[in-house]
Structures are given as structure tokens and as C-alpha cells.
Asks: 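I'd like to ask you about the structure that follows.
Scope of the values below: all heavy atoms of this structure, side chains included, with no hydrogens, waters or symmetry mates.
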Amino acid sequence: MEKKVQEHVLPDLKDVKGKVVMRLAPSPSGPLHLGHTRMAFLNDEYVRRYGGKLILRIEDTNPANIEPAAYDMIPGDLEMLGVKVHEIVIQSSRLAIYYREAESLIKGGHMYACTCKREDAKRLKLEMKACPHREQPLETNLDIFNSMRDGKLEPGSASLVVRTSLDDPNPSLRDWIAFRIPAARHPIAGDDFHLFPTMNFSVAVDDHFLGLTHVIRGRDQLNNTYRQRFIFDYNGWKVPFYFHYGMISYPGSLLKTSLMKKGIREGKFSGWDDVRLLTVRALLRRGYRKETFRKYWIDSGLRDVDATFSWEIFNSINKGFIDSDARRLFFVKDPHQITISEAPDIESSIPFHPSRPELGARRYSVKAGSSVYITTEDWLSISDGETVRLKDLCNVTRVDGRLTYSKAQDLSRKGRIIHWAPEKSIGFTVVKPDGTIDSGLLEPEGMDVEGEVQMERYGYVNSFPREGTGYFTHR
RNA sequence: GCUCCGAUGGUGUAGUCCGGCCAAGCAUACCGGCCUUUCAAGCCGGCGACCCGGGUCCAAAUCCCGGUCGGAGCACCA
């Protein structure tokens, strides 16, 4: 039987002539998180489709917002996700280019140096009025620019402003700031640099000189695209094709890098890979496959509508990738020890995977009079007189508060089937995404199965048995 | 307030540009059945949606107008 499956396919990009050049432009404030993976996979997909190159451009022009470790974490995250980056560009190493372009724009009369107080400049702009420096001589602008660059001016005392139009109905497009002198020193560029572009300036310059053909990014960037267009127009540059996709909201999730960083510093989280966080590394540790991210984002498409991230769908996709390889094991949470009265010696053989007999089975000998463990929850739920099956072991009946080897070991009878763990099981804990921990016992043969497993009747777990622990993936 | 964008079932989407094949497809969730020594996977069946109001047209999810609701941004963050 052939099944008709409708595969989601991303729409074609407009204006593709030959190969494309696209980019990922994160700021190095921390490692990548779930929100970043969308832009990573969408760009990666298009570069794979059309051929060309994907540039990772680390946008570090705000010295106050830099986590030095991120310069290594970000490429590492992308590699773990299987996103193919062809070139890495770090903006703080391109300051000379930005200065050169700034000088050129000043000389062309498109940019001026402003020494207004921040509040004054803001007020004037809202009133659609020019500040006193807007019409000052070109020489003055160049002098101030040189002083700014050479570190002769105090942080915040001057800025370079792109001249647009003061009566633009959109206030954010009126004469926007292109360069400023931040107070913080830049951890990578060092102490010799004092003047830094704002992202709108560096992005426009880089998008041009790096030869970007297509830029797809979130709708939150729309106003920035309008601003950046001024730089293209003043220079007579060809504008790349821009597309802004809708924003995804992540219900109840902590996705702000700064807050994660704060939590880590305060000891609330163990690190960037704390399973409570939605960083790429945390999600991989929990057992999500890189393929899941790719499929999810392709399925979500490239639409300009806002949407809500669906864990339901994400988990379901992941299950599809992991299930056939996930060996089945028994994890008995909150164990309750039982002895089955009147039981003979029993040899138990339990397949590692119900649909893949070639993976073999775990085998245990349960001697007469020895004990096994079941979950306390199961124990409490068995009513007197009820018969349940210990999976691949035997039927037991509860008589007078004890579990007794059933008279009927009929395998066809319908009844509840519960899981168990032999006497020599090992202590095991499962860390759940909310930070809580389930403790219990893992069957002995689980010791040799590392990675993604399915704890029967419990859920999928990324298991590290040598450490006696695992991370809950999803049900 | 201003600029911009959007609105398909519980959720994610296809279709909207170029109106008819859409009495709306797929996935997921849920319900029922089959299979099964897991409440997994698989298979079969079912439930369930075009924001509202006008207009254009033989014909509108698709075009136009108005409304409502939702979202993003709003100046030296990226």
C-alpha cells in the first residue's frame, strides 16, 4: 500500500539568479537557543537548495552585550545541528571598513556628527525638528568623527547620525544613529577602539560588501530594513532581497539570553546546558535530534504570520526520529519491593524493541522467594483480588495485601500489564525539563545502553547510565 | 499615539499573488477499532476551521471597503 504523504516544502525565493549568498547574524551574547534555530535552518535550507554560501556573521558591535565564550559556542551549536556554515565573519574585526564608509557618507553629506544630549536629540526628533548640528559644516563633522574614532571624546558625548527625513511619519526612521561611543570596552576588539557602529549601519555595509543576495529574518527587523535602505540608496548599492517572516512565541519559555545568563550567574541554572533552558545544547542533551529541528521549521514554513511554537508537534516529530532506535528498558520510579509468594524460578526474556527482534532481549532469572520492584503508584493501584501481569515475567494476583503467583498464567487474558525491575537493579534518576527529578531503579542491563531509550510506560529518556542519570526527553 | 504586518479546526500548516479542480488538503492532538506481554510504534475509521459586516462577480478562503482582534517595531540593543 502506498501512502500519500504531503511533504511540506519551503516556497521558492524570489529573484534567484544562480547561487545565493545568505547569512546568520546572531549577537554573541550566549549560545544559540531554540529561537535561533529557525533562522539557522531556513537559511541553511535555501543555501542547500540553490547552492551558494551561508555566512555566519557574528554581530558584536555592542561591547556591553558580549559573552566571549559565545564566539566558540555559536559555531559549535550550528555544527551540532548540522547547519553548514561556509564562512565566519566577525564584525568587530571589520571596524576599519565601517569607519571608511562612515567617512565617505559624511563627505557625501549623508551623515553628520551630533553632540546633543541624548534626551534633547530624542525630543527634537519627535517634534520633527532639526538639531543644531544637522547643518554644521562638513569639516566640523569630519573633525568630530576623527576625535570620536581616536578616543578623544567621552562615551555618549557624540554620535554619528544618518540624515534621512525629519518629517517621516515613522519616528524611528528620522535621522537615525549610526555610530556611538559605548562606555564598555570591547572584550575582543580591545582598547584601541572606541567608536562602534550600531547594527543598522554595520548590517547595511556588510550585507553589501559580503555580497548578500537574500536575507530572511524576523518581522521585528522590518523597521531596521527601512533604515538600512538609506545606506544602500546613498551609496547606490543594489539592495538584497529581504523577507521578513512572522514571529514565533514560545509559551511560558525563558528565551532571553540575558536572563539565562543571569540565572547561571546566580546559580539558579547549572550552566548553558541546564535542561530547564531552551538552548540548543540543553535540548540536544535532553535527547532532541537535530533532524527534528530541521523538519519542524520546514513544516512551519516561511510565512509572515505570527505563530506559537508547538511542543506537541515538535515532540511528535522527535518521537518519529528516535522511536525505532530507542531500546526499551524498565525504570521503576519510587520503587516498592515485592516478593511473589508461591512463585517458582522464572527465566524472563524481554525484547529490547517490540518491532525489532534483531536487537535481542534482556534476560533475568528470578528465583523463587526473591523479590522484584514495581512502582509505588502501581502497587497502590492494585486492588485486592485483581490480577496483573508483570511484563514478560508472570501473572500475579493480590490476595490479602500480598502478591501471589497466579493460578492462571494464561497469556491471552486481558488485564493490566505493568513493568518491574529485578532485585539487582541500579539506582537511577531522571532529570525532567522542569528541573524536578524522578528517582528509582533501572534494570541491570540498562547499564549498557547509553543514549536515547524508552523507559516503558514512562517516556523517552536520554540515558547516561554510568552517571546513574538520564534526561527526560518527552513521553 | 505613530509605522508596519497578519487573521484557515485545540495546535502547526496547505491553499490566498493568477477567484471556479476547496461542500477546504496534510500533520498533531483527541475519540473509537485493529495489532501488541509498554499507557510506545504501526494500521483503519471518526470529530473538528476559512474573524465579523458590506461590496464586486455567474462564482470568493482567495479581490475591494469598513470593523474587530492579534502581533512586531518606535531612535545611540541586535
Side-chain angles (χ1 to χ4, degrees), chain A residues 1 3-9 11 25-29 58-62 64-65 91 114 118 121-122 125-126 155-156 158-162 164 168-182 196-203 217-227 244-249 251 257-258 295-296 298-301 303-317 319-320 322-324 326 328-330 348 350-351 353-356 389-395 411-419 454-460 475:
Chain A
M1 274 296 139
K3 203 183 136 200
K4 245 189 167 172
V5 179
Q6 178 177 319
E7 280 292 321
H8 280 261
V9 178
S27 63
S29 50
I58 295 186
E59 307 215 324
D60 59 345
T61 56
N62 177 15
N65 188 31
Q91 288 192 317
C114 174
R118 200 172 166 138
K122 187 169 184 166
K125 229 174 280 179
L126 285 175
S159 59
L160 297 182
V161 181
V162 173
T164 66
D168 194 300
N170 184 347
S172 67
L173 300 188
R174 296 173 200 156
D175 282 25
W176 51 269
I177 308 289
F179 281 86
R180 79 292 205 198
I181 310 169
F196 289 84
T198 59
M199 68 87 82
N200 282 302
F201 191 87
S202 54
V203 163
R217 52 180 177 173
R219 258 177 34 192
D220 53 332
Q221 303 285 345
L222 206 56
N223 275 343
N224 289 326
T225 299
Y226 297 143
R227 284 198 270 230
H244 299 89
Y245 50 71
M247 305 302 288
I248 305 287
S249 60
T257 307
S258 55
K295 181 164 168 46
Y296 183 85
I298 290 175
D299 282 0
S300 295
R303 305 212 309 163
D304 39 20
V305 258
D306 296 341
T308 307
F309 186 82
S310 170
W311 285 105
E312 209 171 89
I313 305 237
F314 193 70
N315 287 344
S316 165
I317 291 172
K319 198 187 284 181
I322 62 180
D323 183 75
S324 64
R328 270 53 174 175
L329 292 173
F330 289 159
S348 171
I350 319 162
H353 197 295
S355 349
R356 297 187 61 190
R389 185 193 301 283
L390 299 183
K391 188 168 184 275
D392 293 302
L393 186 70
C394 65
N395 288 352
L411 297 186
S412 67
R413 64 161 288 143
K414 296 283 177 196
R416 287 201 292 155
I417 296 164
I418 65 173
H419 62 110
Q454 189 209 76
M455 302 301 186
E456 296 194 38
R457 299 177 66 230
Y458 178 77
Y460 294 88
R475 270 203 64 85

Asks: Can you tell me how far NZ of Lys295(A) sits from CZ of Phe314(A), rounded to the nearest 0.5 angstrom?
Replies: 12.0 Å

Asks: Just checking Asn62(A): base, sugar-phosphate only, or nothing, at a heavy-atom cut-off of under 4.0 Å?
Replies: sugar-phosphate

Asks: Could you tell me how far apart Leu222(A) (CG) and rA72(B) (P) are, to the nearest whole angstrom?
Replies: 14 Å

Asks: Looking at Asp175(A), is its backbone amide N or carbonyl O close enough to the side chain of Thr164(A) to form a donor-acceptor pair, meaning the two atoms are under 3.5 Å apart?
Replies: yes

Asks: Say we look at rC50(B) and rA72(B): how far apart would their P atoms be, to the nearest angstrom?
Replies: 26 Å

Asks: Of the nucleotides rC4(B), rU28(B), rU38(B), which has the atom closest to the Ser316(A) side chain?
Replies: rU28(B)

Asks: Looking only at atom C1', what distance separates rG15(B) and rC2(B), rounded to whole Å?
Replies: 34 Å

Asks: Please name the residue in the list Asp220(A), Asn224(A), Thr225(A) that meets the side chain to side chain donor-acceptor pair (under 3.5 Å) test with His244(A).
Replies: Thr225(A)

Asks: Compare the minimum distances between each of rG73(B), rG71(B), rG10(B) and the side chain of Met247(A), then state the nucleotide with the smallest one.
Replies: rG71(B)

Asks: Using the side-chain heavy atoms of Arg118(A), tell me which of these nucleotides is nearest: rU3(B), rC76(B), rA40(B).
Replies: rC76(B)

Asks: Does His353(A) or Ser300(A) map to a spot on RNA chain B nearer the 5' end, using the closest nucleotide for each?
Replies: Ser300(A)

Asks: Counting only side-chain heavy atoms from C-beta out, which of rU37(B), rC77(B), rG6(B) sits nearest to Arg180(A)?
Replies: rC77(B)

Asks: Work out how far the P atom of rA23(B) is from that of rA61(B), and round it to whole angstrom.
Replies: 8 Å

Asks: Would you classify Thr61(A) as touching base, sugar-phosphate or nothing, given that sugar-phosphate means primed atoms plus P, OP1 and OP2, and contacts are heavy atoms under 4.0 Å?
Replies: sugar-phosphate

Asks: Using only modelled atom types and a 3.5 angstrom limit, is any donor from either the side chain of Arg328(A) or the base of rA40(B) paired with an acceptor on the other?
Replies: yes

Asks: Without decimals, in angstroms, what is the distance between Ile248(A) CD1 and rG12(B) P?
Replies: 9 Å

Asks: Please state how far atom OH in Tyr245(A) lies from atom P in rC5(B), giving the value in whole angstrom units.
Replies: 19 Å

Asks: What contact category does Glu59(A) fall into here, base, sugar-phosphate, or nothing, at under 4.0 angstrom with non-hydrogen atoms?
Replies: sugar-phosphate

Asks: Using the C1' atom in both, what is the distance from rC31(B) to rC47(B), to the nearest Å?
Replies: 7 Å

Asks: Does rC2(B) have its OP1 or OP2 closer than 4.0 Å to a side-chain nitrogen or oxygen of Ser172(A)?
Replies: no

Asks: Got a donor-acceptor pair under 3.5 Å from the side chain of Arg219(A) to the base of rG71(B)?
Replies: yes

Asks: Is there a side-chain contact between Lys122(A) and the phosphate of rC76(B), meaning an N or O under 4.0 Å from OP1 or OP2?
Replies: no

Asks: Which value, in whole Å, describes the distance between the C1' atoms of nucleotides rC34(B) and rA27(B)?
Replies: 22 Å

Asks: May I have the distance from Asp306(A) (atom CG) to rU11(B) (atom P), rounded to whole angstrom?
Replies: 15 Å

Asks: Of all the choices, rU38(B), rG6(B), rC74(B), which nucleotide is nearest to the side chain of Asn223(A) once you look at every atom?
Replies: rC74(B)

Asks: Rounded to whole angstrom units, what separation is found between the CG atom of Asp304(A) and the C1' atom of rC17(B)?
Replies: 12 Å

Asks: Taking rC63(B) as the reference, what is the distance to rG20(B) when you measure between their P atoms (whole Å, please)?
Replies: 11 Å

Asks: Out of curiosity, Tyr245(A) OH to Arg219(A) CZ, how far, rounded to the nearest 0.5 Å?
Replies: 12.0 Å

Asks: Does a side-chain N or O from Arg303(A) land closer than 4.0 Å to OP1 or OP2 of rA14(B), or not?
Replies: yes

Asks: Can you measure from CG (Leu173(A)) to CZ (Arg227(A)) and round to the nearest 0.5 angstrom?
Replies: 6.5 Å

Asks: Counting heavy atoms from C-beta on, name the nucleotide in rA40(B), rA78(B), rG12(B) closest to the side chain of Thr308(A).
Replies: rG12(B)

Asks: With a 3.5 Å cut-off and no angle check, do the side chains of Arg118(A) and Ser159(A) form a donor-acceptor pair?
Replies: no

Asks: Can you check the distance between rC52(B) and rA7(B), where both ends of the measurement are the C1' atom (answer in whole Å)?
Replies: 11 Å

Asks: Would you mind classifying the nucleic acid contact of Asn200(A) as base, sugar-phosphate or nothing, using non-hydrogen atoms under 4.0 angstrom?
Replies: nothing

Asks: Provide the closest heavy-atom pair for Asp168(A) versus Arg174(A) in the form atom of the first, atom of the second, distance.
Replies: O-NE, 2.7 Å

Asks: Separation of Lys295(A) atom NZ from rG12(B) atom C1', in whole Å?
Replies: 11 Å

Asks: What's the spacing between Ser202(A) OG and Phe179(A) CZ if we round to 0.5 Å?
Replies: 8.0 Å

Asks: Between rU16(B) and rC51(B), how far apart are the two C1' atoms, rounded to whole Å?
Replies: 16 Å

Asks: With rounding to the nearest 0.5 Å, note down the distance linking CG in Asn170(A) to OH in Tyr226(A).
Replies: 8.5 Å

Asks: Taking only the side-chain heavy atoms of Ile417(A) (C-beta and beyond), determine which of rC76(B), rC74(B), rU38(B) contains the nearest atom.
Replies: rU38(B)

Asks: What is the nucleic acid contact for Tyr460(A), judged by heavy atoms within less than 4.0 Å: base, sugar-phosphate only, or nothing?
Replies: sugar-phosphate

Asks: Categorize Leu126(A) for me: base, sugar-phosphate, or nothing, with a 4.0 angstrom heavy-atom threshold over every strand shown.
Replies: base

Asks: Go nucleotide by nucleotide along RNA chain B from the 5' end; which of Ala121(A) and Met199(A) gets its closest nucleotide reached first?
Replies: Ala121(A)

Asks: Minimum heavy-atom separation for Tyr296(A) to Thr308(A), with atom names?
Replies: OH-O, 4.2 Å

Asks: Can you tell me which stems RNA chain B forms, taking runs of 3 or more consecutive Watson-Crick or G-U pairs with both distances under 3.5 Å?
Replies: B:1-7 with B:68-74, B:10-13 with B:25-28, B:30-34 with B:42-46, B:51-55 with B:63-67

Asks: Let me confirm one number: the CG-CZ distance from Asn315(A) to Arg475(A), rounded to the nearest 0.5 Å.
Replies: 11.5 Å

Asks: Under 4.0 Å: is that the gap between some side-chain N or O of Ser355(A) and OP1 or OP2 of rU36(B)?
Replies: no

Asks: Expressed in angstrom and rounded to an integer, what is the separation of Arg475(A) atom CZ from rC30(B) atom P?
Replies: 10 Å

Asks: Taking atom P of rU37(B) as reference, at what distance in whole Å does atom CZ of Arg416(A) sit?
Replies: 18 Å

Asks: Counting side-chain heavy atoms from C-beta on, which of rU37(B), rA41(B), rA78(B) comes nearest to Asp323(A)?
Replies: rA41(B)

Asks: Heavy atoms from C-beta onward define the side chain here; which of rG12(B), rA40(B), rC76(B) lies closest to that of Ile313(A)?
Replies: rG12(B)

Asks: Quick check for you: among rU11(B), rU3(B), rU37(B), whose closest atom lies nearest to any side-chain atom of Pro169(A)?
Replies: rU3(B)

